[in-house]
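Below you'll find the structure, written out as structure tokens, and then a few comments.
For the numbers below, each heavy atom of this structure counts, side chains included, while hydrogens, waters and symmetry mates do not. Every chain is numbered from 1 and lettered A, B, ... according to where its sequence line falls, protein lines coming before strand lines.
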Amino acid sequence: MSDGPRIAVVTFPGSNDDGDAVLALELLGAEAVRVWHAETALPEGTAGVVLPGGFSYGDYLRCGAIARFAPVMEAVGTFAASGGPVLGICNGFQILCEAGLLPGVLRQNRQQQFVCADVTVTVESTTSAFAGTWEVGQELVIPIKHGEGNWYGDDALVAALEARGQVALRYLDDVNGSVGRIAGVTNEAGNVLGLMPHPEHAIEELLGPTGGVAVLEGLLGAARVPVVR
Amino acid sequence: MKATVLIRPKQGILDPQGEAVVEALQHLGFAVSGARVGRLVDIELDTEDAAEAQAALDRMSHELLANPLIESFAIQLEDGA
């Protein structure tokens with residue numbers, strides 16, 4: 001049993017990166033607890049939440065549009081509202097946007113193709129709860145694998161996000177058409193972060209780049225105190 | 001009663017599917033310069049009250065069927081019966 005923070009990893013029907021998220025969190029010293037989407041409460045002592053990647057509910061209608069109504073999402077919303085750190089990865093990011101917990105929406109990639117590649121993202125802001133050890137301009141290499149990662153917000157929204165430091169991560173190169181090459185955004189309070197790259201796949205040198213460590217350690221750093229009692 | 005909700009990408013919003021359709025149509029020799037791809041949802045409601053149906057359709061379109069950031073929707077209530 002780990003002494004690290006208790007992180008709830010939610011599994012929706014169609015999630016497929018929940019297992020890797022659990023492994024990665026445990027490797028970094030957290031106590032990862034799996035939570036089924038039909039649960040109505042998060043486990044006692046939960047200090048952080050991960051919504052993992054995958055294809056929840058088959059990506060029907062729009063990615064994340066149906067998962068946002070899963071029973072567990074009410075508890076996730078309450079957790080976020082009380083300041084608990086929530087990390088949404090890929091499909092998890094899409095769900096958080098559909099749920100209104102993060103700004104904007106993820107559209108189909110501009111190139112009409114699924115893209116699977118190691119990409120470089122740069123840290124754009126260190127104002128969020130996740131950015132404890134981050135430095136502006138720091139480059140992280142993390143894989144992406146998505147067909148709908150093309151983030152969109154209108155000009156006014158993008159300007160507001162940039163001004164408030166809510167653009168957390170930006171692709172070094174344009175990989176999918178995202179407005180402003182945005183790869184990850186936070187909510188205004190800075191305790192909810194969503195990103196398309198997969199940090200849980202980038203934590204061991206043996207398997208490739210390790211840019212994911214900074215992101216997941218950011219979550220663990222933000223999750224020092226249990227929020228659910 | 002029956003209804004159809006038409007969901008379209010909003011004006012000015014990039015529509016990669018539509019662009020691919022235009023290219024494919026041009027390859028086939030059709031003289032087209034634009035196509036936008038949306039979604040159509042046929043719905044059967046458990047009510048015969050048009051006002052009630054309209055209100056429900058409006059709510060379900062806002063809450064689930066369309067994402068107002070990038071999509072617009074139009075509701076067509078079937079007269080019939």
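In this structure, the portion of A:Arg107 lying under 4.5 Å from any heavy atom of chain B is its side chain and not its backbone. With a 4.5 Å cut-off on non-hydrogen atoms, B:Gln17 touches chain A through its backbone and its side chain both. Interface remark: A:Asn150 contributes side-chain atoms only to the contact with chain B (heavy atom separation under 4.5 Å). The part of B:Ile70 that comes within reach of chain A is its side chain, from C-beta onward, which places non-hydrogen atoms under 4.5 angstrom from that chain.
Applying the 6.0 Å contact sphere to OH of A:Tyr60 captures no more than 12 heavy atoms from other residues, nucleotides or ligands. Other residues, nucleotides and ligands contribute over 12 non-hydrogen atoms within 6.0 Å of the CG atom of B:Asp42. Within 6.0 Å of CZ in A:Arg164 there are more than 12 heavy atoms belonging to other residues, nucleotides or ligands. Atom CD of A:Glu74 sits in a sparse spot, with 12 or fewer heavy atoms from other residues, nucleotides or ligands closer than 6.0 Å. Enclosure of atom CZ in A:Arg181 by more than 12 non-hydrogen atoms of other residues, nucleotides or ligands within 6.0 angstrom is indicated.
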**Request:** Evaluate the criterion side chain to side chain contact (heavy atoms under 4.5 Å, CB included) for residue pair A:Tyr152 and B:Leu14; output intermediate values, then yes/no.
**Result:** CA-CA 10 Å; A:Tyr152 172 80; B:Leu14 176 77; over 6 Å; no

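Within the 4.5 Å cutoff, the side chain of B:Leu69 has no heavy atoms near those of the A:Leu157 side chain.
Interface remark: of the candidates B:Pro16, B:Pro9, B:Ala20, B:Ala66, B:Pro16 forms the most heavy-atom pairs closer than 4.5 Å to chain A.
When all heavy atoms of A:Arg68 and B:Glu63 are compared, the pair lying nearest together is NH1-O, 3.2 Å.
One distance of note links CD of A:Glu98 with CG of B:Leu64; it measures 8.5 Å at 0.5 Å rounding. The CD atom of B:Glu19 lies 8.0 Å from the CD atom of A:Gln112; values are rounded to the nearest 0.5 Å.
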